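Notes follow once the structure below has been shown.
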Amino acid sequence: MDANRFPPGSARRRVAGAGVAAGVAAAMLLAAPLAWARPPLRDAPVAWEAADRGDIPQPEPRAPSLVRDGFEESVVRPGGRFFNPVRLARHIGGIFGTEIAHSAPDINDLDEALNSTWFTNRIGLYPLSPEQVARGPITADGPDRSERWRITRAKTQGVTPGFNVKDARGDTYVIKFDHPCCPGGPSAAGVITGRLLHAAGYNVPEDFVVTFRREEVGVGDGVTFTDRRGVKRPMTDADLDSLLAGVTAEPDGSYRAIASRYLSGKPVGPFDWKGRRRDDPFDRVKHENRRELRGLRMICAWLGHFDMKQHNTLDMWVEDGSRRYVKHYLIDFASTLGMGAAGPFPMANMEYGFDLSAMVGRLFSLGVHEDEWRRLERPPGLAEVGYFDVEHFQPMEWKPLQPNAAFANLTERDGYWAAKIVSAFTDAQLEAAVAEGKFRDPEASRYIARMLAARRDKLARYWFDRVAPLDFFSWQRGTLRFHDLGAERGIYRGTVTRYRVRTAACDADRGVAAWTDWSEASEPRFDLGGAALSPPGEGASPSDRPFLAVEASVNRGGGWQGPIRAYISRAHGTIVAVDR
Amino acid sequence: MASVLYSGAAGAETPARPDSGQSYWGVLPAMSDTVAVPLADRPKAIWERAILVPYRVATFPIALASRGIGSTVGYLDHHSVPEKVGRLLGPRRGPFGLLLDFRFGGLSGLGGGLTAEHTRFLAEGNTLRVRASTSTNEDHRLGVAARFRRPRGAYWEFGAGFRRRPNVRYFGIGPDTREEDESFVHQEVSWLGGAVRRPFGESHLELNLDYTGVATGAPGVSHQPATEELFAADLPAGYGRHSFGVSAGGQWRHESPNLANRPGRGGIQRLRATYFEATDRDDVRFWTFRGEWQQFFTLWRPQRVLALRGVGSWIEDVGGDPIPAARLNTNDDPDLLRGYDDFRFRDRGLAILTAEYRWPIWAHERPMASGIDAYLLTDAGQVFGDAAELGWNHMTLSYGGGLRVESGHGFVLRIEYARSEEASVLRFRADQVFQFVKSGLLHGREPIPAR
């Protein structure tokens with residue numbers, strides 16, 4: 001045998017193996033404390049805005065390949081994540097409390113997402129009326145009907161036909177028809193989901209359900225049409241007739257569609273779920289690390305929004321006063337609420353389009369195992385509703401058509417943040433949003449609203465069981481108050497709830513002096529007295545420890561959950577940070 | 001005048017924003033640049049860098065390769081290549097179309113071909129097909145055929161073709177031939193024929209008349225040993241010569257409806273009798289009788305399918321001279337013994353029983369759409385020279401498994417691996433043992449032996 005080669009089991013190989021094992025073990029040990037490393041406390045106003053609206057020249061429009069994107073998101077990137085040793089170490093470190101990814105950088109000290117070109121805090125922070133939720137992003141009342149719409153562009157390929165029209169005001173709308181399988185369903189789902197995503201905080205287009213008659217639409221000048229043979233030629237009225245012939249007309253002969261108003265600004269292509277936009281110097285956080293994109297996974301799970309490929313996002317270069325910057329939108333919500341742009345199918349929301357782990361599982365199960373999605377059924381008698389129920393909804397089991405890096409990076413804090421937003425929707429708000437979908441069958445409206453509420457509660461319960469939903473702390477003249485979102489939002493009905501808190505002087509690095517004893521109460525309100533800001537004890541002077549740490553726990557009969565730690569400025573009596 | 005259905009929230013106040021003041025956290029500052037904070041990704045921890053740097057270096061070639069594949073996919077997509085190919089191979093809109101043939105493994109090696117089709121040839125409903133394929137082992141094939149629609153669902157078919165294979169194997173005749181007696185011959189087959197088919201409900205009757213020729217000789221230098229060396233003292237009948245002749249036959253075929261793609265029930269039954277008479281100087285005359293039965297059963301769940309196939313074929317010699325070996329029954333498409341390479345056994349009789357258990361492992365969005373099925377297979381079969389040779393002691397057994405890729409409109413790609421006591425065979429084919437569509441002249445049927 002060649003002495004220079006390493007035979008199996010040689011000393012060198014054993015040493016190398018031991019080195020790898022030691023490295024992984026060290027990583028695990030290091031990962032645990034690092035997971036909890038937080039920025040130092042500051043006695044300063046909490047930030048709410050991200051400085052990402054700087055004036056920039058128009059970025060180069062992105063036009064990623066749909067096929068390549070599918071290949072990368074379904075095969076390459078999941079493979080990269082699977083074999084990534086840091087993720088592996090973090091998975092193992094999960095035993096010690098390590099998260100799968102770093103905490104999102106675009107959050108403030110209260111663990112809230114910053115307002116940015118991606119996200120605006122709405123229902124998560126502000127009480128909205130049902131009317132506000134229903135109105136969503138709408139600034140006008142839909143396409144102007146005083147004159148005929150002029151078609152400016154026809155879409156003859158793809159799942160469903162459609163066209164762009166310009167109305168009398170000069171606004172352009174994308175008109176998309178429902179698939180013949182299920183008239184009313186995709187358009188209703190598109191509008192409802194748009195309203196809910198807007199209330200959640202995302203940027204979405206103004207979508208409307210419209211009906212129109214053939215005579216209300218005409219073909220504009222210079223519009224081209226691609227016929228069945230793939231030949232492009234000027235569009236004629238006959239082409240419009242043939243296009244509408246493929247659409248299921250309403251009983252009165254009119255046509256129902258979803259009208260999506262062109263976004264203001266110039267489109268510069270979709271955003272990628274991974275990395276940054278290099279030609280936007282203010283896009284400084286990798287997208288897979290953004291709180292609102294990670295948390296979107298849970299919001300999409302709630303809405304059954306499975307078609308989350310990057311082509312259903314759009315970056316717009318917008319003008320805002322003297323500044324022009326990139327604003328990030330989510331678009332096209334027809335494939336939501338159990339519906340699909342090409343009709344509902346049970347596998348949606350349950351499995352990736354190309355789900356290697358599911359395939360391997362099925363391969364080795366020899367067909368004995370039956371997939372849950374094969375047992376799904378649509379609600380009987382509701383033609384406008386697809387596969388949308390609560391029995392088969394498991395928030396963390398939900399899968400979009402393609403996995404993506406941001407969703408894969410969801411941490412418990414991100415999940416809780418999303419659950420907080422979802423749970424903020426009241427039944428009345430959901431019913432108001434669903435009414436905007438204009439289902440033809442009122443029972444379909446009631447069913448969707450009921451399922452949204454039930455899925456909301458299930459999702460909230462999932463996360464509130466893992467992260468104590470004690471939130472929105474305040475300190476006023478010696479009284480500590482906080483909200484128990486689980487109790488307030490009816491997630492834990494029928495349980496007896498107890499709360500307890502304790503306090504300690506704390507330095508900027510979160511080092512505490514002696515904790516007080518726990519105080520218990522049946523309400524999330526503790527009158528600790530003004531002296532609580534000046535706890536006695538060695539090293540507890542305001543100069544050494546300028547903050548007061550408050551730990552709060554909740555017990556719903558199954559033991560104390562939490563604690564959640566809030567920090568109060570001893571000088572100003574303001575909440576400066578919250579740790580979960 | 002139709003109306004915009006949106007109306008419910010018209011006139012409502014605009015949604016609250018952070019600058020509106022009161023939030024669950026109390027009064028928040030108005031939106032302004034003074035309270036905006038610049039963002040940046042959190043730096044990676046030292047331990048993460050320590051692990052990631054060598055990992056990135058080690059996996060750089062993989063990353064490069066996947067990027068290259070991604071770029072290629074992107075380039076092709078940018079130039080609409082998948083769309084154009086899909087239009088060619090997918091459900092046809094115009095009269096022209098292309099079909100892909102692909103194979104890997106077995107005696108052909110890596111090979112592929114193309115079939116061009118015109119479905120309005122001379123008149124509506126007529127089809128013309130021109131087919132060509134080749135492989136790394138010089139398995140060349142060329143064929144042309146036309147089908148003309150006739151009244152009452154009947155049609156006429158005419159076809160001609162040629163196939164040249166430099167590495168057809170010969171082990172001797174009979175079920176007891178030895179593995180170590182593997183030898184090779186060069187074989188060329190040509191045919192010209194016509195058929196008339198007429199449906200009777202779910203059944204078809206077919207009458208055919210073919211003129212066929214087969215020639216065998218020394219194999220290429222890369223395929224040794226040659227049969228003429230190993231079997232110098234007992235050369236197979238017809239070796240080194242051309243055998244020409246006319247065959248006439250009839251076939252009854254019954255096929256259940258809805259057997260395309262992934263059949264879950266129903267079956268196919270065929271009975272065929274063919275008479276061959278040589279047109280050269282030899283007195284070669286024989287009958288070929290063949291029966292085939294295929295049946296599909298859905299088991300305990302949808303798409304868990306047991307597919308069974310039984311084939312029996314017998315050549316009854318009625319001439320004065322021996323039947324050329326190339327015209328005898330053998331294990332070749334579609335009568336495969338999948339744990340053996342093609343042409344392992346030869347004789348006048350052939351009996352094969354095949355079972356496949358199939359189950360779905362992937363479907364593109366909808367259960368019956370394009371997808372992948374897995375299957376376990378077992379083939380039991382043998383050749384025989386007389387009925388006394390039929391029995392367990394001569395029976396060969398193959399077993400294995402594979403994956404079937406279904407396009408949703410009839411195109412099937414399969415990759416399978418099968419073992420027997422002699423060999424392990426990996427096959428990658430664009431056809432299938434069940435529902436073998438190439439049994440008609442239009443699809444390039446090779447009438448030697450008569451199948």
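For clarity, every value in this text was computed on a predicted model and none was experimentally measured. Here is the naming used below: chain letters follow the sequence lines, and residue numbers restart at 1 for every chain.
- A distance of 7.5 Å separates CZ in B:Arg67 from CD in A:Glu72, rounded to the nearest 0.5 Å.
- For chain B, the nearby parts of A:Leu366 are the backbone and the side chain; heavy atoms of each come within less than 4.5 Å.
- With a threshold of 4.5 angstrom between heavy atoms, A:Glu215 does not approach chain B through any atom at all.
- Contact detail for B:Ile372 and A:Met359: the closest heavy-atom pair is CD1-CE, 4.1 Å.
- Remark: the backbone N or O of B:Leu39 is not paired with any side-chain donor or acceptor of A:Asp106 at under 3.5 angstrom.
- How far OH of B:Tyr75 is from OG of A:Ser65: 13.0 Å, rounded to the nearest 0.5 Å.
- Proximity to chain A is limited to the side chain of B:Leu376, based on heavy atoms less than 4.5 angstrom apart.
- The two atoms that bring A:Phe71 and B:Ser66 nearest to each other are CE2-O, 4.3 Å, heavy atoms only.
- Scanning all heavy atoms of the two residues, the minimum distance from A:Leu363 to B:Trp359 falls at O-CZ2, 3.2 Å.
- Heavy-atom distances place no part of B:Arg358 under 4.5 Å from chain A, backbone and side chain included.
- Scanning for salt bridge (Lys or Arg N to Asp or Glu O under 4.0 Å) contacts around A:Glu206 gives A:Arg261, with sequence neighbours left out.
- The nearest pair of heavy atoms linking A:Tyr126 to B:Ser23 is CE2-CB, 3.6 Å.
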(request) Check the pair A:Glu370, B:Arg304 against salt bridge (Lys or Arg N to Asp or Glu O under 4.0 Å), reporting the backbone distance first and the verdict last. (result) CA-CA 10 Å; A:Glu370 179 72 320; B:Arg304 275 66 165 185; 2.9 Å; yes
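- Closest heavy-atom contact between A:Gly367 and B:Tyr357: CA-OH, 3.8 Å.
- Using a 4.5 Å cut-off between heavy atoms, B:Pro43 contacts chain A through its backbone alone, with no side-chain atom that close.
- Taking a 6.0 Å sphere around CZ of A:Phe83, one finds it holds 12 or fewer heavy atoms contributed by other residues, nucleotides or ligands.
- A distance of 7.0 Å separates CH2 in B:Trp362 from CZ in A:Phe354, rounded to the nearest 0.5 Å.
- When heavy atoms are compared at a cutoff of 4.5 Å, A:Val368 approaches chain B by way of both its backbone and its side chain.
- A distance of 8.5 Å separates CG of A:Asn115 from CG of B:Leu28, quoted to the nearest 0.5 Å.
- A:Val67 touches chain B through backbone and side chain together, each having a heavy atom under 4.5 Å away.
- For a residue to count as touching a neighbouring chain, one of its non-hydrogen atoms must lie under 4.5 Å from one of that chain's; by this rule A:Asn84 touches chain B with backbone and side chain alike.
- Neither the backbone nor the side chain of B:Thr72 comes within less than 4.5 Å of any heavy atom in chain A.
- Within the 4.5 angstrom heavy-atom criterion, only backbone atoms of A:Ala104 (N, CA, C, O) approach chain B.
- A distance-only check finds no donor-acceptor pair linking the side chain of B:Trp47 to the backbone of A:Val86 [under 3.5 Å].
- B:Arg301 pairs by the salt bridge (Lys or Arg N to Asp or Glu O under 4.0 Å) definition with nothing, not counting sequence neighbours.
- For A:Ile107, the part sitting under 4.5 Å from any heavy atom of chain B is the side chain, from C-beta outward, and nothing else.
- Taking the six-membered ring for Trp and thresholds of 30 and 60 degrees, A:Trp48 and B:Trp25 have ring planes inclined between 30 and 60 degrees apart.
- Note that the CZ atom of B:Arg42 and the NZ atom of A:Lys286 stand 13.5 Å from one another [nearest 0.5 Å].
- In this structure, B:Gln22 CD and A:Leu125 CG are separated by 11.5 Å, a value rounded to the nearest 0.5 Å.
- Note on B:Asp77, B:Val73, B:Leu299, B:Leu403: by heavy-atom pairs under 4.5 Å with chain A, the leading option is B:Asp77.
- Side-chain contact between A:Arg374 and B:Pro360 is present, with at least one heavy-atom pair separated by less than 4.5 Å.
- B:Leu76 does not touch chain A: none of its heavy atoms, backbone or side chain, sits under 4.5 Å away.
- Shown here for B:Pro38 and A:Ala51, the closest heavy-atom pair between the two residues is N-CB, 3.8 Å.
- Checking side-chain atoms of A:Arg68 against main-chain N and O of B:Gly70 turns up a donor-acceptor pair under 3.5 Å.
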